[in-house]
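For reference, the structure discussed in these notes is given below.
As a basis for the values below, the full set of heavy atoms in this structure was taken, side chains included, without hydrogen atoms, waters or symmetry mates. If you read the sequence from its start, that first residue is 1, and numbering goes on from there.
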Amino acid sequence: MATRANPFEVTVAPAGGDTVAPDDSAFAPPPAGPWRRAWGRFERHRLGYVSLWVLAAMLLLSTFAEGLSNERPLVACVDGRWYVPVLSNPSEKALGGDFGTPADWKDPLVRSLLARPGNWAIFAPNEHGANSRDDFNGGLPPAPPDAVNWLGTAPKGRDMIARLLYGFRVSIWFALALTLVGTALGVAAGALQGYFGGRTDLFLQRATEIWGALPELLLLILFASIFEPSLLLLLVLLSLFGWMGLSDYVRAEFLRNRSLEFVKAARALGLSNGQIIWRHVLPNSMTPVITFLPFRMSAGILGLTALDFLGLGVPGSVASLGELLKLGKENLYAWWVVVPTFLLLVVTMLLLTFVGDALRDAFDTRKS
């Protein structure tokens with residue numbers, strides 16, 4: 001049976017008259033770029049890859065902590081009227097009570113209103129907020145775990161699960177912001193020193209050494225005694241000192257890359273210094289920056305925890321892992337305060353370390 005020739009097949013007859021098979025390499029996919037190859041190596045590092053997804057899940061759950069742990073309902077319907085108390089808490093009088101103050105959804109009176117036919121409410125899995133106290137539960141704080149507070153309560157009667165969840169959110173987002181700001185400052189300082197060199201490098205090096213000699217803890221104590229403690233103040237103060245270590249690595253990379261052929265070619269084409277730095281030198285100097293990100297986040301979390309433990313961090317109304325460790329030290333018998341907080345910190349540090357190790361291996365060009 002005759003077969004029909006493929007109309008798209010092209011053959012070339014050389015001088016000898018023999019036909020040559022079509023070259024399939026022309027249709028082969030282009031080779032993967034350096035970023036795709038690095039991501040492939042990162043995926044093969046199973047421990048780091050899984051740790052990244054676990055951290056992402058923890059970050060996502062803590063970001064929307066109000067939907068997981070809240071003393072107010074997510075949605076409620078009372079006497080035909082709909083409310084979203086998690087966003088805007090109605091008054092007790094609006095629900096049919098006696099007072100115009102915001103409704104306490106643990107109050108037996110409010111519970112009795114919800115028990116009426118046609119009334120209902122959907123609560124979070126853990127019916128406790130970060131600063132809420134269950135005054136209608138007979139246990140004296142700090143109370144051990146029970147059916148109401150699954151991990152017990154802190155010395156001020158606050159639920160431990162809620163304090164851990166909200167405290168982790170503060171820690172992880174503070175560390176992320178501190179990492180981004182400190183990295184931006186470190187990259188900018190290291191790029192200026194490494195690219196321009198000479199007097200610019202000498203001046204910035206001496207300025208960095210003088211700035212690094214300032215007593216950071218003493219300045220934190222001084223500012224904490226003058227200004228009201230806040231996350232923004234801590235972010236500014238720690239960012240001013242957290243960039244110096246990274247700038248040295250970026251400076252070394254720029255010193256190495258500024259003399260390469262593609263940088264000389266860019267100068268010959270008339271590109272400005274800003275364009276050369278942004279388009280050519282910086283992308284080839286990002287390896288130490290990226291591999292250091294998880295470890296910088298670990299330092300940010302531990303730094304905030306240490307400051308809160310010493311009483312130099314955020315106010316007591318803000319959930320904090322360091323505050324829980326401090327309360328656990330003051331109440332040594334309350335193991336349910338110290339042990340979960342310590343375990344959460346250990347797990348977070350291990351996950352960040354695994355991610356950092358995987359990033360280091362992914363950007364190691366000696367690995368295939």
Side-chain angles (χ1 to χ4, degrees), residues 32-45 47-49 51-52 55-56 172 175-198 200-209 211-212 216 235 238-264 266 273-303 348-368:
W35 291 98
R36 184 175 294 275
R37 292 197 300 270
W39 177 251
R41 289 192 292 267
F42 181 83
E43 285 183 317
R44 289 195 293 270
H45 197 293
L47 187 58
Y49 184 71
S51 298
L52 178 64
L55 270 176
I172 194 71
L176 185 59
L178 182 63
T179 299
L180 294 178
V181 175
T183 299
L185 294 176
V187 168
L192 291 176
Q193 296 178 61
Y195 181 79
F196 292 103
T200 302
D201 185 21
L202 182 62
F203 172 77
L204 290 178
Q205 278 289 91
R206 299 293 83 76
T208 301
E209 292 173 359
W211 185 254
E216 182 179 357
L235 178 62
L238 294 179
S239 297
L240 292 177
F241 292 92
W243 56 270
M244 289 177 287
L246 180 62
S247 66
D248 294 335
Y249 291 96
V250 177
R251 171 179 173 270
E253 289 292 318
F254 267 73
L255 286 172
R256 180 176 63 86
N257 292 329
R258 70 173 184 171
S259 59
L260 297 180
E261 295 298 329
F262 65 90
V263 177
K264 296 179 181 179
N273 289 327
Q275 290 174 323
I276 295 174
I277 291 175
W278 183 256
R279 297 180 183 178
H280 300 285
V281 186
L282 182 61
N284 291 280
S285 305
M286 291 297 291
T287 298
V289 176
I290 296 175
T291 54
F292 267 88
L293 288 179
F295 303 106
R296 292 177 64 83
M297 285 192 64
S298 300
I301 294 175
L302 293 178
T348 305
M349 295 302 105
L350 286 176
L351 291 175
L352 287 171
T353 301
F354 295 150
V355 173
D357 290 340
L359 285 175
R360 181 195 59 199
D361 293 343
F363 284 90
D364 188 352
T365 56
R366 295 171 298 180
K367 297 181 179 293
S368 59

Using the test side-chain contact (heavy atoms from CB on, under 4.5 Å), find all partners of [X] that sit at least two apart in sequence or belong to another chain.
{"X": "Ala189", "value": "Gln193, Trp243, Ser247"}
{"X": "Val289", "value": "Thr183, Val187, Leu246, Val250, Met286"}
{"X": "Tyr49", "value": "Trp39, Phe42, Glu43, Arg46, Trp53"}
{"X": "Val263", "value": "Arg267, Ile276, Val281"}

**Request:** Apply side chain to side chain donor-acceptor pair (under 3.5 Å) to Asp201 and list each qualifying residue two or more places apart in sequence or on a separate chain.
**Result:** Arg251
**Item:** side chain to side chain donor-acceptor pair (under 3.5 Å) partners for Trp278, two or more places apart
**Value:** none
[X]: salt bridge (Lys or Arg N to Asp or Glu O under 4.0 Å) partners, not counting sequence neighbours:
{"X": "Arg296", "value": "none"}
{"X": "Arg279", "value": "none"}
{"X": "Asp248", "value": "none"}
{"X": "Glu209", "value": "Arg206"}

**Item:** By ring-ring contact (aromatic ring centres under 6.0 Å, His included) - contacts of Tyr249 (at least two apart)
**Value:** Phe292
**Prompt:** In chain order, what residues pass the ring-ring contact (aromatic ring centres under 6.0 Å, His included) check against Phe241, with sequence neighbours excluded?
**Reply:** Trp211
**Asked** Would a distance-only check, ignoring hydrogens and angles, find a side-chain to backbone donor-acceptor pair under 3.5 Å from Arg360 to Thr291?
**Response** no
**Request:** Taking Asn257 for its side chain and Asn284 for its backbone only, find out whether a donor-acceptor pair lies under 3.5 Å.
**Result:** yes
Between [X] and [Y], what is the shortest heavy-atom contact and its length?
{"X": "Arg256", "Y": "Ser259", "value": "O-OG, 3.5 Å"}
{"X": "Ala175", "Y": "Gly300", "value": "CB-C, 4.1 Å"}
{"X": "Leu185", "Y": "Ser239", "value": "CD1-O, 3.6 Å"}

**Message:** So, taking the atom named CD1 in Ile301 and the one named CE in Met349, what distance separates them when rounded to the nearest 0.5 Å?
**Reply:** 4.0 Å
